[in-house]
Q: 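Dropping a structure here in structure tokens format, bear with me for questions.
Chain A is the first sequence line, chain B the second, and so forth, proteins listed ahead of strands; every chain is numbered from 1.
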Amino acid sequence: MKKILFNPFEQFSERPLILFGIAATIVLSMTGAFFNARFDGVLDLHFSMPTFFSNTLTDNAINIALLSLTLFALGKIRNNKTRFIDFFSASLIARIPYYFLPFFNWNNYIYNETEKLIQQFLTVQPGAIPEFDTIQMGILALFAIVSLVFLAWFIYLLYQGYKVATNAKGAVEVVLFGVTIIVAEVLSKIIFYLIN
Amino acid sequence: MKPKLPDSCPSCESQLTVTELSCPECQTKVSGKYLLPLLLQIPEEEQQFILDFFLASGSLKEMANQMGKSYPTVRNKLDDIIEKIKKLQPKPAL
């Protein structure tokens with residue numbers, strides 16, 4: 001079970017990974033739209049209204065394509081034997097944990113509370129401290145912590161996929177992987193800026 | 001129990017050499033100093049992997065099915081063994 005959750009790439013071939021990854025992406029894009037989530041960047045999740053299924057599906061398709069291509073480019077430089085399909089399956093599977101975060105926005109709770117918080121900051125007198133609701137702050141803090149845990153899970157899965165695809169070993173590979181993810185994030189922000 | 005052929009010295013971990021061979025039929029013994037063949041210098045599990053790979057006609061896909069692992073995992077294992085054997089190969093004299 002631990003292997004399935006944290007490194008399915010070692011055990012499962014590309015076909016079941018891709019089929020499961022595509023099915024999960026489609027179904028969880030629907031739930032993402034239901035909870036008004038936009039994945040407008042490789043590492044991004046924002047809540048905005050209204051959000052349609054076509055929005056979340058396009059977001060996820062762009063992010064998966066970008067991650068697959070940038071990691072494949074790095075993988076090809078590091079190990080000529082690597083295959084694009086392994087990066088594609090890794091990108092599909094690694095993002096799945098991230099798709100569960102929109103469930104926190106049940107009844108637009110996170111969106112509404114964040115909006116309230118912004119309003120509190122905007123309307124407060126200069127120099128004064130805004131009054132925060134403890135429960136509101138607690139839930140937003142919990143959401144932030146869970147988001148970080150799921151982001152770490154997503155990155156860990158992606159690195160395991162990269163490692164299996166390229167036979168990567170050592171600290172240099174970790175650094176190169178990190179730099180590539182940042183490049184993918186920057187490229188995704190440019191693409192989302194241009195299409196939205 | 002099938003005894004395991006040691007590939008390194010249990011005391012200092014240096015590479016072992018063959019100093020005696022014997023015939024199980026007539027008990028004739030041959031003494032000398034022979035290097036272990038290259039494939040016997042790697043762990044038994046890796047020797048088995050090479051044998052299975054050979055018996056699978058060199059198909060990594062077939063190996064992946066047999067081992068219940070993904071294709072890149074099996075390819076990585078093969079690449080690691082190739083690297084190990086390359087390091088064990090005696091360097092050609094200049």
Side-chain angles (χ1 to χ4, degrees), chain A residues 1-22 67-69 71-94 96 156-170 172-174 176-177, chain B residues 4-10 12-16 36-92 94:
Chain A
M1 191 64 189
K2 199 178 158 193
K3 280 264 173 200
I4 293 173
L5 289 176
F6 296 104
N7 191 3
F9 315 107
E10 209 178 283
Q11 196 179 337
F12 295 102
S13 65
E14 63 275 8
R15 190 190 286 234
L17 288 177
I18 287 174
L19 289 176
F20 182 75
I22 289 175
L67 275 176
S68 309
L69 288 168
L71 286 174
F72 176 60
L74 174 67
K76 213 56 186 163
I77 295 166
R78 302 301 293 167
N79 182 350
N80 197 34
K81 290 178 188 169
T82 55
R83 306 178 306 170
F84 176 76
I85 203 160
D86 295 323
F87 296 98
F88 181 56
S89 58
S91 305
L92 275 169
I93 297 294
I96 293 174
Y156 180 81
L157 270 171
L158 198 59
Y159 182 68
Q160 292 305 317
Y162 171 76
K163 209 168 122 180
V164 168
T166 60
N167 202 12
K169 290 183 182 81
V172 175
E173 296 292 345
V174 178
L176 289 172
F177 171 80
Chain B
K4 182 181 169 284
L5 180 70
D7 52 8
S8 60
C9 172
C12 71
E13 293 183 359
S14 298
Q15 187 67 55
L16 292 170
L36 273 173
L38 210 57
L39 289 179
L40 292 181
Q41 293 177 34
I42 59 173
E44 206 174 343
E45 184 243 334
E46 290 175 352
Q47 291 172 27
Q48 189 60 49
F49 180 89
I50 293 171
L51 183 65
D52 291 342
F53 182 60
F54 173 73
L55 292 174
S57 307
S59 165
L60 284 173
K61 214 170 180 180
E62 173 73 28
M63 284 288 287
N65 281 339
Q66 278 178 21
M67 292 169 71
K69 300 274 180 193
S70 69
Y71 174 91
T73 304
V74 177
R75 188 197 60 215
N76 292 344
K77 188 165 179 63
L78 181 67
D79 287 346
D80 290 345
I81 298 174
I82 290 170
E83 276 309 306
K84 204 179 237 184
I85 288 180
K86 274 182 184 169
K87 280 181 191 160
L88 287 170
Q89 266 182 329
K91 306 259 183 308
L94 294 171

Q: For A/Ala165 versus B/Pro72, what's the shortest heavy-atom pair and its separation?
A: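 Heavy-atom minimum between the residues: CA-CB, 4.4 Å.
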Q: If you count heavy atoms of other groups shown closer than 6.0 angstrom to CD of B/Glu13, is the number above 12?
A: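 Not more than 12 within 6.0 Å, no.
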Q: Under the ring-ring contact (aromatic ring centres under 6.0 Å, His included) rule, collect the residues that match up with A/Phe84, sequence neighbours excluded.
A: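 Only A/Phe72 meet the ring-ring contact (aromatic ring centres under 6.0 Å, His included) criterion with A/Phe84.
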Q: Residue by residue, scan residues 36-56 of chain B and write down, ordered by number, those that have a heavy-atom distance under 4.5 Å to chain A; if none do, write 'none'.
A: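 Counting heavy atoms that sit under 4.5 Å from chain A, no residue of residues 36-56 of chain B is involved.
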Q: Could you please show the donor-acceptor pairs under 3.5 angstrom between chain B and chain A, with distances rounded to 0.1 Å?
A:
unit_1, atom_1, unit_2, atom_2, d
B/Ser70, N, A/Glu10, O, 2.9
B/Ser70, N, A/Gln11, O, 3.4
B/Ser70, OG, A/Phe9, O, 2.6
B/Ser70, OG, A/Glu10, O, 3.3
B/Thr73, OG1, A/Glu10, O, 3.0
B/Arg75, NH1, A/Lys81, O, 3.2
B/Arg75, NH2, A/Ala165, O, 2.8
B/Asn76, ND2, A/Val164, O, 2.7
B/Asp79, OD1, A/Lys81, NZ, 2.7
B/Asp80, OD1, A/Asn167, ND2, 3.0
B/Asp80, OD1, A/Lys169, NZ, 2.9
B/Asp80, OD2, A/Lys169, NZ, 3.3

